[in-house]
Every structure is written in structure tokens, then in C-alpha cells.
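To start, the structure itself, in C-alpha cells.
In each ligand, atom 1 is the first atom listed, and ligand 1 is the first ligand listed.
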Amino acid sequence: MNRQQTLTFGALFLLTVNVSLAQNLVVHCGHVIDPAAAAVLDNQRIVIRDGRFALVEPWRAQSQPADVDLSDAWCLPGLIDMHTHLSGQFSKEAYREKFTKNPADVAFDSAVYAGRTLDAGFTTVRDLGDSYNVTVSLRNAIKQGKVRGPRIFTAAKSLATTGGHADPSNGYRDGLWPHVAPEQGVLDGPDEARKAVRQRYKDGADLIKITATGGVLSEAASGDNAQFQVDELQAVIQTAHDYGFRVAAHAHGKEGMKRAIVAGVNSIEHGTYLDDEIIRLMKKHGTYLVPTLLAGDWVTQKAKIPGFFPPVVARKAATIGPVIASAFARAHRKGVKIAFGTDSGVSAHGENAKEFALLVKNGMSPMQAIQAATVNAADLLGKKQQLGVIKPGYLADLVAVRRNPLEDITALEQVDVVIKNGKQEK
Ligand SMILES: [Zn+2]
């Protein structure tokens, strides 16, 4: 071995040592919130190996120094947002931008939004409707370490019926928008419903999103009418189950909500006009509610600005927006399972944690709000053995804040440290 080879060998050896060290991380947490037990453990030593928590034990005086010193901070599991739209962010220009942005523009935007989401402490999101399957590529790029962002479970394009919420051609004159079919997520009848679900499988989606009723931001008359018939819902759900997909249903109105719950969707998003009958059905079928209070608040505020929305949207925003919070309060009080979701992409990405204060204002304790964004969200994802707690064997996602969020939930709006898959991201 000549000198050059010795040097190269030495450098490689050092590199190998560094890589193996990078896979191990010791974190000293002043306080660890355990949402599974609704408890707090003080002064803990957390050892991370190969992207998973390996040890959680009391910190001892003789413990070797931590790689990440959070001895004066509050640590909690990485936060999970069950309702995002990372491929866009709403503004007054949103309807025009559908005609000016190329798929690559949307993709670059989504990478920026993903970084902001991760910096806000959200290490996992469920994306419920994109354009151009951008979030499938974004998910893969993040997994491969090419782009910073949360772990993504995506529905890709939402499924809608003709003229329904998430029909991308709504509001435009005939011929202006390309023809929409099951491939583009617009379907009519059970056969097309099956085809639309299978197309999502082919596109690489992780789950299915349907728009069971009208919605606020689409240029269509009703924000709450039922938009899927029972045979269409059954076809979506049966086909989804063939591919191991769960199904999330956007729903404001009661009839559409009722049909979707009975057909077997896993979650109702928004749930605006739910009543006691819907609450009973949700509890019977084990359906989660993802309240998206932030979106309700946001559209209510924007509806007050003349000209911000097209007139048909402004009317729906002013009617539906203010009702979402009281629907959540009622469902929570009566014991419906709640998972945290913001609809970010309506409000700005990176402000996801503002949802916590709204959940607490409308009846949750801070611990319950944290549970909604950790253990409950993991359960709704079907990942409760991997995500949502800081325990040996779980994926090493951890965030830290400087103030006690159990005393003031807005502490979660300033996340200091983010670790995802055992790697410090912030
Ligand atoms: Zn949404």
C-alpha cells in the first residue's frame, strides 16, 4: 500500500465512522410528552439508532453528553397533519394560476411548502388532493433525501363526480379545460369509480380521497349537497380495499356525510353540518373526524374582503366557514374520534400548528389536541405501531419547543428542533 492508498483508505475509514455515528443520536430532553399515556416524563435520555428510537430512560449524572441538548425543552413526537395540499397555496390568484403554472412550477412550489411544513414540526402529513400527481413525486424525492420535507402519505388527485368539488374544469367555459375522466379523477357511476381508484394505484397513491359533498372553494353553486351516490361510494371503497387503500371523504352536508360513513370511509374531513345522527353513525362505524378548523377560520376571514373570492365562493365561505368549529365542538364532546388536520394549502403552509389553539378554544385539553396530532393521526394512517410516540422501536420523529405546551398550546407554534427518521432536520 503506497502513501496515496493509505490516505485514501484512512479517509474512507473516517467517512464510514462518521456515517455510522450519524445514524446514532443521543438526545437529552428536559420533559418528554407521552401522548399514548397522557403523561410527561422528566429528564430523559433518548437514544436513536438507524432512524428509530432505541432507548428512552432517565438521564443520569454519569450519562455521556448528549448530541442534542434539549435539557431545558419540551420534547414530543413528530407532529402529524392529516389534511394538507402541498401542491398549492390559495390566494386571490389561484383560479388564474391554474392556466399559468406548468407542472414543473407546481412541483418547485411544493418542495418549498414541504420544507416549511417540516420546519413547523410536522414530520408526517397526509396529502388529500394535488395536481399533476406532484405529491407522489414529492413523497419519493423526500424519501430519497433529495428534498427536505415531511414523510408523505398521499391521495394524489381527489376523486369527484362531474361538476363536483375537485372537478378541475368547474367554472370554465366548455373546451377551455381539457376533458376530464376517471384518469383525471372525475367519475360517474360505479364502473368509472373503480377505474378512478385503479388509476390512483397506477399513479402511486397511498390512499383515496373523495369529495362526498360540495365544497367552499370550487366555482359551483352548492357547498354541501351530496355528490356521490351509494353505488359509487361502495365501488370506490370496495376497490380501494383491494389495493390496501384507506378512504378519506371531504364532506360538509349531512346526507353526503351519512352515505360516506355507512359505505365505510375512514375519515370525514370538515364535517360542518353533522348532527346527533351523524355522531351516532361515526361512533358506530369508528369513523374519524378531521375538523380543519384553520380552514374554516381562514375562509371566514377572507370572505369579509370584497373581491377576494369569486361571488359564488364568497357566499359559501361566509356560510360554511363559521359553522365548522361548533360542529367539531359537538362531535368531540360526544366522543367522536378526532385526528388533527389543517387543510393547509387553503391557509399558508408552515402555519399548521395554529390549528392547536383552535382545537383547545373549542373544547379540547392541550393533551387531547396533541393526541389528535400524534397517536390518533397515526391510528387513522394505519401506522400506530410506527408513528406517534417516543418509544423504542418507533420511527425516530421528535420535535422540541421551549415552553410547556400543556400550559400554553401556542408554544407549538414555535418549534425549535425537528428530528425526522433519526436525522436532525432543524
Ligand atoms: Zn382539503
Side-chain angles (χ1 to χ4, degrees), residues 80-91 94-95 98 106 109-110 113-114 117 122 125-131 133-135 138 150 152-161 164-168 170 185-186 200 205-220 223-224 227-228 246-253 256-257 260 265-273 288-300 302 309 313 316-317 320-321 323-325 327-328 338-352 354-355 358 373 377 380-381:
I80 305 173
D81 189 333
M82 296 300 279
H83 193 137
T84 67
H85 300 280
L86 285 170
S87 59
Q89 184 164 293
F90 201 85
S91 73
Y95 299 97
K98 282 170 76 177
V106 177
D109 286 352
S110 77
Y113 300 145
T117 304
F122 289 80
V125 303
R126 191 176 65 153
D127 203 83
L128 292 188
D130 70 0
S131 313
N133 292 325
V134 151
T135 55
L138 180 66
I152 296 174
F153 295 91
T154 181
K157 172 73 185 66
S158 294
L159 306 189
T161 51
H165 189 55
D167 175 341
N170 275 347
V186 180
R200 306 286 88 70
D206 301 297
L207 67 137
I208 297 297
K209 157 82 178 294
I210 59 167
T211 51
T213 76
V216 172
L217 295 177
S218 49
E219 287 191 274
D224 63 331
Q227 297 192 335
F228 273 75
R246 296 192 169 200
V247 180
H250 156 105
H252 292 297
M257 231 183 292
V265 300
N266 300 93
S267 63
I268 292 291
E269 311 295 310
H270 320 302
T272 311
Y273 294 114
Y288 267 95
L289 175 67
V290 178
T292 71
L293 305 184
L294 195 52
D297 205 49
W298 191 90
V299 299
T300 304
K302 296 300 180 197
F309 291 127
V313 174
K316 292 187 291 179
I320 288 173
V323 185
I324 293 183
F328 154 72
I338 309 286
F340 181 103
T342 59
D343 216 351
S344 289
V346 174
S347 58
H349 295 286
E351 295 185 358
N352 315 53
K354 288 185 174 174
E355 179 83 10
L358 297 171
L380 177 52
L381 281 170

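- Ring to ring, F122 and F340 are close: their centroids are under 6.0 angstrom apart.
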Taking it one step at a time, do E269 and R126 satisfy salt bridge (Lys or Arg N to Asp or Glu O under 4.0 Å)?
CA-CA 12 Å; E269 311 295 310; R126 191 176 65 153; 2.7 Å; yes
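- Side-chain contact, D130 with T135: a donor N or O sits under 3.5 Å from an acceptor N or O.
- Of the N and O atoms on the side chains of S218 and H165, at least one donor lies less than 3.5 Å from an acceptor on the other residue.
- Aromatic pair F90/Y95: centroids less than 6.0 angstrom apart.
- Within the sub-2.8 Å shell of the Zn ion (ligand 1), the protein contributes these N/O/S atoms: H83 NE2, H85 NE2, D343 OD1.
- Between H270 and H250, the ring planes lie perpendicular to each other; the angle is over 60°, past the 30° to 60° tilted range.
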